[in-house]
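This report refers to the structure that appears directly beneath it.
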2 protein chains.
Amino acid sequence: MNKAEILIIDDEAQIRKLLQINLESNDYKVITAASGHEGLSLAANHSPDLILLDLGLPDISGHKILQELRQWYQKSIIILSVMDNESDIVQALDNGATDYLTKPFRTGELLARIRAAIRRNLDPDQSTIKVYGDLEVDFGARMVKKNQETIKLTQTEYNLLVLFIKNEGKVLTHQFILKEIWGYSYQMETQYLRVFVGTLRKKIEDSPNIPKHIITESGIGYRFQ
Amino acid sequence: MNKAEILIIDDEAQIRKLLQINLESNDYKVITAASGHEGLSLAANHSPDLILLDLGLPDISGHKILQELRQWYQKSIIILSVMDNESDIVQALDNGATDYLTKPFRTGELLARIRAAIRRNLDPDQSTIKVYGDLEVDFGARMVKKNQETIKLTQTEYNLLVLFIKNEGKVLTHQFILKEIWGYSYQMETQYLRVFVGTLRKKIEDSPNIPKHIITESGIGYRFQ
DNA sequence: AAACATCTTTATAAAATCTTTATAAGGCGA
DNA sequence: TCGCCTTATAAAGATTTTATAAAGATGTTT
């Protein structure tokens with residue numbers, strides 16, 4: 001089995017070095033970034049198995065980076081944060097962070113959490129293919145086909161579709177969907193959702209105005225079937 | 001299984017005796033009270049599975065007793081009332097009575113209602129799916145099926161159905177339903193309720209004009225079964 | 001910088017739902 | 001049977017919710 005690759009995004013050289021040594025001696029492959037921009041770029045190019053993200057970066061706020069990453073990055077992101085910053089942590093978790101650690105942290109705990117987070121990556125969902133009539137979704141390859149033809153979905157559209165599929169048959173409220181896809185603070189932005197459901201329908205439905213898959217539950221939300 | 005214990009609170013010795021004989025021959029354990037005070041005391045000491053309460057007691061008004069009991073007593077209370085006292089019945093139901101019977105009553109009906117009321121006791125129900133013959137309600141998914149087919153309910157219709165199910169077998173007054181679904185200030189809008197019961201029946205009943213589930217209790221309200 | 005893709009807002013049309021009114025139908029006692 | 005009261009049903013009007021297009025904003029790629 002290949003080594004798992006971990007990306008560290010932290011501006012303090014000392015911590016980067018410490019983490020790198022520890023992780024490499026535990027048989028992980030490590031790449032490091034000293035700034036938010038560099039981190040985003042490395043993440044995009046390497047698509048690592050896990051990202052360790054420091055919230056207090058000089059160039060871009062850690063929250064912003066997290067949001068950017070979560071537009072397309074499905075795997076685990078562990079947040080590193082200074083002690084005493086509970087609201088930061090809550091916000092980060094709401095934005096899709098997998099876990100968090102407060103500095104200073106013990107190495108053993110870090111390693112345990114990393115193992116758990118990487119294990120979670122291999123979720124069965126991620127490697128299966130699901131078929132709904134004319135629709136076929138390959139989670140592993142992040143590909144969607146309709147009538148055998150590959151269709152192109154943007155990140156948000158794909159995330160939305162995955163959320164629907166994970167909750168097949170269930171009525172999802174607007175607020176729940178918004179919270180899951182855009183994060184806690186977007187719960188009121190129902191119009192976003194309408195727009196994206198619209199574009200998604202155009203791509204996956206035969207007749208977007210008579211949808212078979214994404215059903216509107218007026219006053220409540222949507223249901224996938 | 002243990003015998004269910006029933007407390008009868010009624011000042012007429014004749015009725016007490018009649019009820020006691022009937023109930024005991026149907027395998028219930030019976031205790032009786034001839035006055036309101038005695039009834040409250042016995043209820044507190046025995047915590048019976050069901051209480052039959054006559055509204056016309058000499059020492060304390062039946063309504064007062066009902067209120068006292070409902071401060072701590074969670075199980076079923078069936079009201080016994082003389083005919084021709086509709087407003088009494090409505091008031092009692094609004095105060096938390098489970099059901100009512102007008103005197104004189106037929107024994108078969110009494111026994112049926114007692115069975116239903118005791119069944120309700122053991123049904124605080126946490127399960128997410130409920131089935132009533134051809135009707136199936138999945139609270140988790142917020143979905144209703146009739147003969148295996150998903151049917152679409154509007155918010156208000158669904159809320160109404162959930163309220164009925166939560167109070168299965170119990171007569172709900174118009175005012176109670178209106179207060180629960182539309183809020184306190186809508187208690188007079190009985191016509192709303194008629195319209196929505198109408199649409200709900202059309203969706204969940206086989207023959208909306210001969211309803212099996214939502215039963216009209218004329219002058220009082222509705223009952224779900 | 002220009003071209004492109006995507007996300008976010010705004011505007012407006014269309015659909016669904018709720019509320020209100022009108023009228024029919026049923027039950028019950030006089 | 002008639003009149004009265006309650007309930008049921010239909011349908012018009014009002015309001016809310018949803019769908020869709022399109023313009024503006026942002027960021028990325030070439």
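Here the structure is a predicted model, which means the values were calculated and not measured. Residue numbers begin at 1 in each chain, while the letters A, B, ... track the order of the sequences.
In this model, a side-chain donor or acceptor of A:Q191 finds a partner on the base of D:dT20 within 3.5 Å.
Applying the 4.0 Å criterion to OP1 and OP2 of D:dA8, one finds that B:K202 has every side-chain N and O outside that range. Put simply, A:Y222 has no side-chain N or O that comes within less than 4.0 Å of OP1 or OP2 on D:dT17. Taking 4.0 angstrom as the limit, B:K152 places none of its side-chain polar atoms (N or O) nearer than this to OP1 or OP2 of C:dT17. Residue A:R201 has a polar side-chain atom (N or O) positioned under 4.0 Å from OP1 or OP2 of D:dA19. Regarding contacts with the backbone of C:dT19, a side-chain N or O of B:W182 is found under 4.0 angstrom from either OP1 or OP2. Between C:dC7 and A:Y192, no contact under 4.0 Å exists linking OP1 or OP2 to a side-chain N or O. Regarding contacts with the backbone of C:dA5, every side-chain N or O of A:T154 stays at 4.0 angstrom or more from both OP1 and OP2. B:T156 has a side-chain polar atom (N or O) that falls below the 4.0 Å cut-off from OP1 or OP2 of C:dC18. In terms of phosphate contacts, A:H174 brings a side-chain nitrogen or oxygen within less than 4.0 Å of OP1 or OP2 of D:dT18. Neither OP1 nor OP2 of C:dA16 sits under 4.0 Å from any side-chain N or O of A:T216.
A donor-acceptor pair under 3.5 Å is absent between the side-chain atoms of A:N147 and the main chain of A:E149, judged by distance alone. At least one donor-acceptor pair closer than 3.5 Å links the side chain of B:E205 to the backbone N or O of B:K212.
Contact annotation for B:V197: no contact, since no heavy-atom pair falls under 4.0 Å across all strands. In this structure, A:T190 reaches neither bases nor backbone, as no heavy-atom distance under 4.0 Å exists between it and the strands shown. Using a 4.0 Å heavy-atom cutoff across all strands shown, A:G198 reaches no nucleic acid atom at all.
In this entry the distance linking CE of A:M188 with P of C:dT9 reads 15 Å, nearest Å. The distance between atom NZ of B:K203 and atom P of D:dA8, rounded to the nearest whole Å, is 18 Å. In this entry the distance linking CG of B:L200 with P of C:dT17 reads 14 Å, nearest Å. Rounded to an integer number of Å, the gap from CD of B:E217 to P of C:dG27 is 15 Å. Atom pair A:E68:CD and C:dA5:P shows a separation of 19 Å (rounding to whole Å applied). In this structure, the CG atom of A:L40 is 18 Å from the P atom of D:dT26, given to the nearest Å. At whole-Å resolution of the value, CZ in A:R194 and C1' in C:dT10 are 14 Å apart. The nearest whole Å value for the distance from the CG atom in A:L193 to the C1' atom in C:dC7 is 14 Å.
Aromatic ring centroids of A:H213 and A:F164 lie 6.0 Å or more apart.
In the set D:dT9, C:dT10, D:dT6, the nucleotide with an atom closest to the side chain of A:V195 is C:dT10.
With no hydrogens or angles considered, no side-chain donor-acceptor pair links B:R113 and B:S76 at under 3.5 Å. A donor and an acceptor atom, one from each side chain of A:R223 and A:Q225, are located under 3.5 Å apart.
Of the charged side-chain nitrogens involved, at least one lies within less than 4.0 Å of a carboxylate oxygen, so that A:D49 and A:K75 count as a salt-bridged pair.
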